[in-house]
2 protein chains.
Amino acid sequence: MAEPKPPAAKRPTMKQVAARAGVDVSLVSRLLNDDPRLSIAPDTRRRVMDAVRELGYRRNLTARSLRTSRGLMVAFLLPEFTNPVYSRIVAGAHRRAASLGYAVMLSELDDTDAEDMRGHQARGVDGVLLAAGNLEDARIAELCGGDLPVIAVNRQIPGSRRWAVVDYGLGGRLAAEHLRELGHRRVGVLTGPGRFDSDGSRVRGFADALGDAVGGEDPPVVVADGLTPDDGLRAGAELLARHPEVTAVFATTLMLGVGLLRAASEAGIAVPGELSIVSLHDVDLARFMSPPLTTVAMPMVELGAAAFDQLLAVIDGQDPEPTVMTQPPVLVRRASTAPPRKERR
Amino acid sequence: MAEPKPPAAKRPTMKQVAARAGVDVSLVSRLLNDDPRLSIAPDTRRRVMDAVRELGYRRNLTARSLRTSRGLMVAFLLPEFTNPVYSRIVAGAHRRAASLGYAVMLSELDDTDAEDMRGHQARGVDGVLLAAGNLEDARIAELCGGDLPVIAVNRQIPGSRRWAVVDYGLGGRLAAEHLRELGHRRVGVLTGPGRFDSDGSRVRGFADALGDAVGGEDPPVVVADGLTPDDGLRAGAELLARHPEVTAVFATTLMLGVGLLRAASEAGIAVPGELSIVSLHDVDLARFMSPPLTTVAMPMVELGAAAFDQLLAVIDGQDPEPTVMTQPPVLVRRASTAPPRKERR
DNA sequence: TCGTTTGACCCAAACGATTGACCTGGCGAT
DNA sequence: ATCGCCAGGTCAATCGTTTGGGTCAAACGA
């Protein structure tokens with residue numbers, strides 16, 4: 001039953017490469033890292049490279065990491081694996097990291113506390129990307145406490161320079177302008193808890209752009225308990241019940257929009273006939289809702305990549321500016337928005 | 001501009017702990033690993049533990065890994081970050097891994113080839129979970145080629161014992177029974193490319209359970225090019241066009257079902273009025289479609305955990321049986337299925 | 001009384017790479 | 001002739017743990 005199980009033919013080491021090429025291992029190391037202070041005879045270089053190829057040699061990164069205390073790894077902590085918006089950030093960070101030789105460890109921030117950070121540090125992780133969307137401020141402070149570089153992603157941190165965000169103010173504007181152009185005058189906002197959108201840019205951008213056109217009055221805002229579709233459903237239902245006058249709602253993140261759509265459907269409100277919905281963040285999913293959701297696409301993949309770059313700078317001992325993505329958001333018109341046709345009720 | 005940047009106060013080493021407790025480092029190591037051959041005076045043990053606490057000591061896993069050649073890490077390779085079904089597998093594997101002290105590196109199988117495996121190996125990864133849903137057989141073989149343990153997850157591999165799956169046969173049955181009970185007699189199947197569902201269990205389970213009730217004739221099957229909602233949309237449209245007689249469709253994975261729903265909507269076919277849809281895999285998303293999708297929930301989170309356990313066994317030199325989740329799937333009735341009411345067309 | 005067993009520890013060699021500090025032989029300049 | 005220098009290498013210490021082999025005294029059995 002048990003297969004013979006070959007002895008696993010230990011991978012070749014640098015020593016073997018050196019022996020085969022007839023040189024010292026230090027030379028091999030220097031060559032492979034192209035150490036600036038080294039000059040190597042072309043012939044020797046070839047012999048070494050041949051040996052590397054013939055043996056199929058790869059550096060043992062564990063050993064290297066032990067010596068250099070650079071693990072070439074970063075951790076990406078996120079509150080839940082299933083939010084597609086985070087998935088895009090992860091995808092961006094991962095792609096960039098991989099292209100620079102870094103690996104990405106994923107962790108769910110479950111009941112994880114600061115201990116987890118130290119665990120990562122013990123593993124040789126060089127830095128951490130913290131998708132902090134729905135974390136408490138205190139929690140974030142706690143997580144940033146260690147001496148491991150941390151960048152908060154998609155969330156601004158008041159006292160710190162270690163964060164990377166997209167320009168939600170602009171995103172909000174775009175959504176507002178769209179609704180305004182369609183002719184909506186009574187609009188509502190569905191957003192996440194205060195710790196989310198902590199700087200208020202999403203709502204403010206929206207309200208500002210709307211302001212002059214609708215009489216300067218701030219739109220009614222309902223705050224959900226979290227960022228899941230269920231949260232959106234509950235808060236959405238509340239919004240619709242409390243503000244029957246609104247003809248359009250701006251959801252500050254996609255999953256809330258998704259929940260709102262259901263709330264409308266359960267309340268028998270036609271979208272976009274009686275209610276228009278526009279939400280931030282465009283992912284595939286939005287196209288497949290009924291009706292397909294109009295969204296404002298924010299450059300989340302690029303954010304992931306930029307956040308990684310920022311983290312790398314910190315790791316290298318620099319003190320980079322916080323990242324704000326300049327790449328403009330784009331409005332994706334779909335079927336969930338239309339001119340206000342008739343009053344509800 | 002550049003902050004002073006504290007010298008980063010190197011983390012304490014075992015040597016320091018040993019010094020502070022007045023013992024040899026080997027003793028500390030043995031104690032911390034509770035080495036069986038060790039007996040330690042209670043007093044000494046306390047001194048060491050105190051030193052550990054006072055210094056806030058954590059083992060350096062890199063060094064340990066170098067010595068033991070066990071990295072306490074696994075890699076999870078998946079074709080795309082955005083598929084929520086994979087996310088659940090990842091979540092399950094991650095949770096289990098974390099509870100056993102393992103970290104999980106995530107990689108997108110982009111243009112990744114076998115080289116990537118060797119990269120992971122060089123990093124000290126102990127094994128790989130390969131979410132292989134839509135990979136070619138050849139590709140998988142290539143990836144399993146190295147001497148790093150690999151478990152294919154959610155995909156059966158013909159010649160191998162290294163895979164973990166849920167019981168899609170049962171899932172298919174359940175879907176079929178549901179449609180049969182509702183009274184459907186002309187049903188279609190929407191599935192992924194052959195490499196997906198390679199053993200055909202999803203479709204076969206469905207067809208078998210249907211067989212006797214609908215005259216033994218196999219249902220029409222349309223095969224999508226991939227597993228994204230877009231693939232489902234295209235193939236779904238084709239299915240609806242080619243088989244106008246069907247009153248219900250079974251989608252073998254959620255994203256195809258989502259695409260199909262849109263195809264129906266675009267074709268002006270009412271769901272569930274004119275067409276019932278049931279799909280495998282239940283994730284939050286399904287509840288928020290319009291109409292909410294009836295699904296067969298497969299234990300994907302548990303699959304992730306079990307696959308990790310299997311991988312661990314292989315890492316430990318055992319030759320475990322392939323994993324087949326016994327936990328039964330459960331039918332989640334929602335609004336996308338109903339008795340056939342009227343003929344389409 | 002003299003082994004022999006234990007209990008409680010210590011020594012030092014790995015693991016595989018990196019890196020500052022040497023060598024060495026030849027060549028051009030003084 | 002001598003010196004310095006440079007290209008082209010080598011030596012050996014080090015990163016922080018693990019682990020196979022001791023050591024050394026106290027306890028024990030005969």
Side-chain angles (χ1 to χ4, degrees), chain A residues 8-49 51-52 55-72 101 118 121-126, chain B residues 8-49 51-52 55-72 101 118 121-126:
Chain A
K10 304 288 289 172
R11 300 192 308 128
T13 80
M14 211 154 88
K15 191 139 81 179
Q16 296 173 38
V17 172
R20 183 172 247 254
V23 299
D24 189 84
V25 328
S26 63
L27 185 56
V28 177
S29 171
R30 293 199 148 95
L31 193 158
L32 258 37
N33 295 333
D34 44 46
D35 184 322
R37 68 164 258 205
L38 188 60
S39 61
I40 279 188
D43 175 57
T44 314
R45 159 171 258 117
R46 258 211 24 261
R47 283 205 330 277
V48 173
M49 290 319 247
V52 165
L55 294 174
Y57 173 71
R58 305 269 321 229
R59 283 216 269 320
N60 179 329
L61 294 199
T62 305
R64 170 190 217 165
S65 159
L66 175 59
R67 183 63 228 259
T68 62
S69 52
R70 289 284 238 109
L72 298 184
R118 316 214 26 228
Q121 190 172 10
R123 273 216 160 70
V125 154
D126 297 320
Chain B
K10 304 288 290 171
R11 301 192 308 127
T13 78
M14 210 153 86
K15 192 139 82 181
Q16 295 173 38
V17 172
R20 183 172 247 255
V23 299
D24 188 81
V25 329
S26 62
L27 188 56
V28 177
S29 170
R30 291 199 150 96
L31 193 160
L32 259 36
N33 296 333
D34 44 48
D35 183 319
R37 74 165 248 201
L38 187 60
S39 60
I40 275 189
D43 176 59
T44 314
R45 159 172 259 119
R46 258 209 25 258
R47 284 205 328 277
V48 173
M49 289 320 244
V52 165
L55 294 175
Y57 172 72
R58 306 267 323 227
R59 284 215 271 313
N60 179 327
L61 294 198
T62 307
R64 169 188 222 172
S65 159
L66 175 59
R67 184 62 229 257
T68 62
S69 54
R70 287 283 237 110
L72 298 183
R118 314 215 28 225
Q121 190 170 12
R123 273 216 159 71
V125 155
D126 298 320

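Below, chains carry the letters A, B, ... as their sequence lines are ordered, and counting in each starts from 1.
No contact: Ser69(A) has no heavy atom under 4.0 Å from any strand. Among the protein residues, Val28(A) comes within range of no part of the nucleic acid, since none of its heavy atoms lies under 4.0 Å from any strand. Ser39(A) comes within 4.0 angstrom of a nucleotide base, judged by non-hydrogen atoms across all strands. Within 4.0 Å of Ser65(A), counting heavy atoms only, lies no atom of the nucleic acid at all. Contact annotation for Thr13(B): backbone-only contact, meaning every heavy-atom pair under 4.0 Å involves sugar-phosphate atoms and none involves a base. Heavy atoms of Arg30(A) sit under 4.0 angstrom from at least one base atom. Note on Leu66(B): a base of the nucleic acid sits closer than 4.0 angstrom, heavy atoms only. When heavy atoms are screened at a 4.0 angstrom cut-off, Asp35(B) is found touching no nucleic acid atom at all.
Taking the 5' to 3' direction, DNA chain C first and last meets chain A under 4.0 angstrom from a heavy atom at dG16(C) to dC22(C).
With dG9(D), dT19(D), dT10(D) as the choices, the nucleotide that has an atom nearest any side-chain atom of Ser26(A) turns out to be dT10(D).
Judged by atom type and distance alone, Arg37(B) reaches the base of dG22(D) through a side-chain donor-acceptor pair under 3.5 Å.
In this structure Arg46(A) satisfies the side-chain contact (heavy atoms from CB on, under 4.5 Å) test together with Asp43(A), Asp50(A), sequence neighbours excluded. Looking at residues two or more places apart in sequence or on another chain, you find a side-chain contact (heavy atoms from CB on, under 4.5 Å) between Ser69(B) and Lys10(A).
Nucleotide dA21(C) forms a pair with dT10(D), judged by Watson-Crick or G-U wobble geometry with both contacts under 3.5 Å.
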